[in-house]
Amino acid sequence: MKTLTQLAGFLAATSALTAPAFAETAPEKAAVISAYADIAEATYGDSLQAAKALQAAVAKLVAEPSAEALEAAKAAWLAARVPYQQSEVFRFGNPIVDDWEGKVNAWPLDEGLIDYVDASYGGATDENAAAALNVVANPTFKLGGTDVDATTITPALLEETLQEADGVEANVATGYHAIEFLLWGQDLNGHEAGSGKRSWTDYAKGEVCTNGNCDRRGAYLHAATDLLVSDLEWMTAQWADDGKAREAVSGDEIAGLSAMLTGMGSLSYGEQAGERMRLGLMLNDPEEEHDCFSDNTHNSHYYDGLGVQNVYLGEYVRIDGTVVSGPSLADLVAAKDTALDAQMKGKLSNTMLALGRIKTAAEAGFAYDQMLEQGNEAGEALVMGGVNGLIDQTLTIERIVTELGLNSIAFEGSDSLDNPDAVFE
Amino acid sequence: MKKLCTFFIALMLPVSASADRALVDRVISNHVIPRFQTLAQTTAQLAETAAQTCDLSNGQVVSDYHAAFDAWIGVSHLRFGPTETEDRAFALAFWPDPRSKTPKALRTMITEEDPVIQLPENYAEASISVRGFYAMEYILFDEPTQALGHPEYQCALFQAMTQDTAALSQAILDDWQPDYAALMLAAGQNERYQTEKEAVQELFKASLTGFQFTKDTRIGRPLGSFDNPRSKRAEARRSGRSLRNMVLATEASLDLARELGQGEDAIQSRYDELEHYFTTAVAKLESPVFAGVSDPQSRVKVEIVQQAVDRLLEYTLGGLGPYLGVAEGFNALDGD
């Protein structure tokens, strides 16, 4: 494939509009990739540490239920989202992360699988027979024709039996959003401000218990949190010195740089701008909020965007305030074409400003649900500001892919190219 | 085999910068504009017919609907520029709908007799789930939806839908000519397309994304997995259009790919082979709505069609892309 790679490099070079300005000395590509892996390791390490704090808060809530303990667990969940959302940029482009991600951050979910829901939620649907299964209330049940014994709620039950049960992606039994639902409950405010209103008494012991099965609800929350911690332990290890995710990007410089830019572009455009932001706006549907139970969507979007910027600038602010940084993609691009680097930095800043506006307005009381409401022009303008920024920065990420000669990646391993007769086999 | 492949590519010199503008011009004139003209004409015709009758089982209504839907599928891969302004394409075609938003929203709208349908400008503000071809399909073909509310409201709703669809289609065409066409032809002199290659890449990506959506979504969703086939997820199954949409979409992406590779015999003959493989595979399918996915015998036939689309995708990526000197880039399907 070497010839192809060279050819692609040639194509990229000849297609440049202007002669690149060689302003700075380029860093070693291997050093850029190494700094990227360090940032990934730190981001997942912080996510793990924050998840352990959540685990401790949940243990306290279940052992000694109180209004204060529930609030403490919610605060721990919100804090845990800050580093985790910044890790989403590592998803696309790193198969090890993408294959694992569904266990910790799958969304949207049919929450009736897990616990009681309001009558307006409805029951089973065309798409999901288990949409209103309610595992908390039912120690035994049938799932896809099989009898399930859920008398004891364990991480294994959640992970192996309930997660994506019956092949339906909306059956999210594990991860941040399952925990979020168990802490906040359904957000029944529609387009009004406000999160879910679950009472601490849903975890209370004895007669104080509301909505039944408080012990099983507590067991579920416990199991889901334990699972989150073990999943994050695993992922942090993948980015350690001898970890498989680090190894995958370090072996081949072209593949490593490509993974970095693929993560930035795919998260910016298809995932965040499209699936998470624009779709909800076009549907005018508060259920399309990413962190809908907790009303934390403005932060979810903000920290996703920040993760993209982290990868380009090669720096990450840890949850203890220290900074992990190293040679960056920005340095690499600036050495080839300072104007392109300036364009990228400008667009990333624009996006962060736009996402910051959403966050600012939400924190001041203009909830993300309200922004999605039909005819709410101010809300639409705020959300579309973020969407447009993300789409615009993706165009520049594409230009960088071309500038760095990474185009060849796309057609490596293409069947019909490697083997013109393959189609008639 | 790798040596042969290197040789094969080396023979085809990449399209030069001076030729890029001519290429974009040709593709816009031969492929883009005529297809959006057809969409504008057929949707206007549908709105006109719908305005004249409240008999929604009327043969003319149904055939006009099919003609307009065909025209949409014929441009559904051209998702950039004018189709993305003001969410037009999303409003014309909200699908897939994994959480069944369309039937839920229609139920509420019809039973509550939402007055949003009274003014076209209000209807244009409604959720995309109640607009466009997939929402119209429920009104025309879904019995539970037809049984809701009053026939008068259903008729007025359908009229609002057809007018909205026609207006969106006309707006897309109006944006294309002359403005957006001019923008692409001035590639290298504007912010949006900073080099001539970027305009070529935009068209190339459209073809590629079309193949990918057809493979993963139009075919992939009903296929599901072997243990869990999902025939109910087939696109537009209520109107019996699943297979028809898949074929028209593939042909549209292929037509664009051929336009982009025009004049290059090696590319054209390769597309001839791949098209033959595709049409041969399609001819063996029995159900117009992929109902066979649950039966191992007929399921494999659907899988072969999916492979045929995949081969078109792979060759476009690996054969046409290097010839044009452009790469895959990012598209809206990159998320999950």
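Each chain gets a letter, A, B and so on, in the order the sequences are listed, and its residues count up from 1.
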Working to the nearest 0.5 angstrom, can you tell me the gap between [X] [atom1] and [Y] [atom2]?
| X | Y | atom1 | atom2 | result |
| --- | --- | --- | --- | --- |
| B:R192 | A:D392 | CZ | CG | 8.5 Å |
| A:L283 | B:T102 | CG | OG1 | 8.0 Å |
| A:E380 | B:D87 | CD | CG | 7.0 Å |
| B:Q194 | A:T402 | CD | OG1 | 11.5 Å |
| B:S127 | A:L281 | OG | CG | 10.5 Å |
| B:N122 | A:Q374 | CG | CD | 8.5 Å |

More than 12 heavy atoms from other groups under 6.0 Å of [atom1] on [X]:
| X | atom1 | answer |
| --- | --- | --- |
| B:R299 | CZ | yes |
| B:E143 | CD | no |
| A:Y121 | OH | yes |
| B:D265 | CG | no |

Q. When only pairs under 4.5 Å are counted, which of A:G265, A:G122, A:A170, A:G167 shares the most heavy-atom pairs with chain B?
A. A:G265

Q) Given a strict heavy-atom distance threshold of 4.5 Å, which part of B:V130 is in contact with chain A: side chain, backbone, both, or neither? A) neither

Q) Considering only heavy atoms, which portion of B:S129 lies under 4.5 Å from any heavy atom of chain A: side chain, backbone, both, or neither? A) both

Q: Tell me, for A:Q272 versus chain B, whether the close heavy atoms (under 4.5 Å) come from the side chain, the backbone, both or neither.
A: neither

**Q.** Side-chain donor or acceptor of A:E398 paired with backbone N/O of B:F330 under 3.5 Å
**A.** yes

Q. Under 3.5 Å, is there a donor-acceptor pair between the side chain of B:N228 and the main chain of A:D166?
A. yes

Q: Flag the pair B:F94 / A:M282 as yes when at least one side-chain heavy-atom distance between them is below 4.5 Å, and no otherwise.
A: no

(Q) For A:L395 and B:E191: C-alpha separation, side-chain torsions, deciding distance, then whether side-chain contact (heavy atoms from CB on, under 4.5 Å) applies. (A) CA-CA 10 Å; A:L395 295 174; B:E191 270 296 301; over 6 Å; no

Q: Salt-bridge test for A:D285 and B:R99: reply yes if a basic N is under 4.0 Å from a carboxylate O, no otherwise.
A: no

**Q.** Leading residue by heavy atom contact count with chain A [cutoff under 4.5 Å; candidates B:Q307, B:E198, B:Q201]
**A.** B:E198

